[in-house]
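For reference, the structure discussed in these notes is given below.
Reminder, nothing fancy here: chain letters follow the sequence lines and each chain counts from 1.
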2 protein chains.
Amino acid sequence: MSQPRRLLPSMPLLAAFEAAARHRSISAAAGELALTQGAVSRQVKALETQLGVRLIERRRHGIALTPQGLAFADDVRAVLALLADATGRLGQN
Amino acid sequence: MSQPRRLLPSMPLLAAFEAAARHRSISAAAGELALTQGAVSRQVKALETQLGVRLIERRRHGIALTPQGLAFADDVRAVLALLADATGRLGQN
DNA sequence: TAGTCTTACGACTTGCGTAATTATT
DNA sequence: AATAATTACGCAAGTCGTAAGACTA
């Protein structure tokens, strides 16, 4: 049977989560992405809601990753890198 | 120097192009994705505009891929597969 | 007080269906 | 006629900044 094609999370959500995971900080991620704290906070939450999985734990200062968040962050990093490479190769022609 | 982070094409654009490339047909891609012909046509065009690269050649019946389109389709397929795997792994917990 | 995350609100951007058009067989 | 791709139009959904709030050191 062909899978119903699970609907994939949007690019901004993935980028926001990846940056937040790497910095262990919503506000640092916002700085890097040139967005506001609020935007990144919403995006990470939206991603968790879509996936039905808790990815980060909200802490007093900064954030911590859940085990699932840790694994997913690595995967997302690979996805973004692969895509960046692909578009990069197109550009230089 | 850190790259200004080239802005990545959105997920619907990538999915539409990948399906169109695989089927060599806009309308077949639309069928698979449960979208209209018009939507897929616009998305492929938007992707080409964003990337500044021609990916498909419009033909009398169906479409053909440019060399760049062919290479990019493979890359996009890998990206989507990687992401689908990643989200799939999250689900089964 | 300063640093952090969250969230309601409104504006803007993106994605999409409808439906008309063009072109090919 | 049937099949395939494109596009103008309007609506729906997604994204974002602002601004206010809560919590901690």
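Distance, A/R59 CZ to C/dT6 P: 13 Å, rounded to whole Å. Spacing between atom NZ of A/K45 and atom P of D/dT15 amounts to 15 Å, rounded to whole angstrom units. Protein atom CZ of B/R54 is 13 Å distant from nucleotide atom C1' of D/dA5, rounded to whole Å. The distance between atom CD1 of A/I63 and atom P of D/dC23, rounded to the nearest whole Å, is 20 Å. As a whole-Å value, the separation of B/E57 CD from D/dA5 C1' is 15 Å. Atom CG in B/L8 sits roughly 14 Å away from atom P in C/dT14 (whole-Å rounding). At whole-Å resolution of the value, CG in B/L33 and C1' in C/dG15 are 13 Å apart. The distance between atom CD of B/Q37 and atom P of C/dT21, rounded to the nearest whole Å, is 16 Å.
The closest side-chain heavy-atom distance from A/L51 to A/Q68 is not below 4.5 Å.
In this structure, of D/dT6, C/dG17, C/dT7, it is D/dT6 that holds the atom nearest to the side chain of B/R58. Of all nucleotides listed (C/dG17, D/dA5, C/dT4), C/dT4 comes nearest to the side chain of A/H61. With distances taken from any side-chain atom of A/A39 to the nucleotides D/dG17, C/dT7, D/dT7, the minimum falls on D/dG17. Checking C/dC5, D/dT15, D/dA5 against the side-chain heavy atoms of A/L13 singles out D/dT15 as nearest. The side chain of A/S10 has D/dT15 as its nearest neighbour among C/dG17, D/dT15, C/dC5. Among the nucleotides C/dG15, D/dG17, D/dT15, the one closest to the side chain of A/L35 is D/dG17. Side-chain proximity of A/I26 to the nucleotides C/dT18, C/dC5, D/dA5 is greatest for C/dC5.
Between the CG atom of A/L70 and the CD1 atom of A/I56 there is a distance of 13.0 Å, given to the nearest 0.5 Å. If you take CD on B/E32 and CZ on B/R22, they are separated by 4.0 Å, rounding to the nearest 0.5 Å. In this structure, A/T87 OG1 and B/Q50 CD are separated by 10.5 Å, a value rounded to the nearest 0.5 Å.
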Worksheet entry | Pair B/L83-A/L14, side chain to side chain contact (heavy atoms under 4.5 Å, CB included): steps then yes or no | CA-CA 10 Å; B/L83 183 54; A/L14 295 176; 3.8 Å; yes
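Residue-to-nucleotide contacts include no donor-acceptor pair under 3.5 Å from the side chain of A/R42 to the base of D/dG14.
For the pair A/T36 and D/dT18, the criterion of a side-chain N or O lying under 4.0 Å from OP1 or OP2 is not met. Look at A/S27 and you'll find a side-chain N or O under 4.0 angstrom from OP1 or OP2 of C/dC5.
Heavy atoms of B/A34 sit under 4.0 angstrom from primed sugar atoms or phosphate atoms, though from no base atom.
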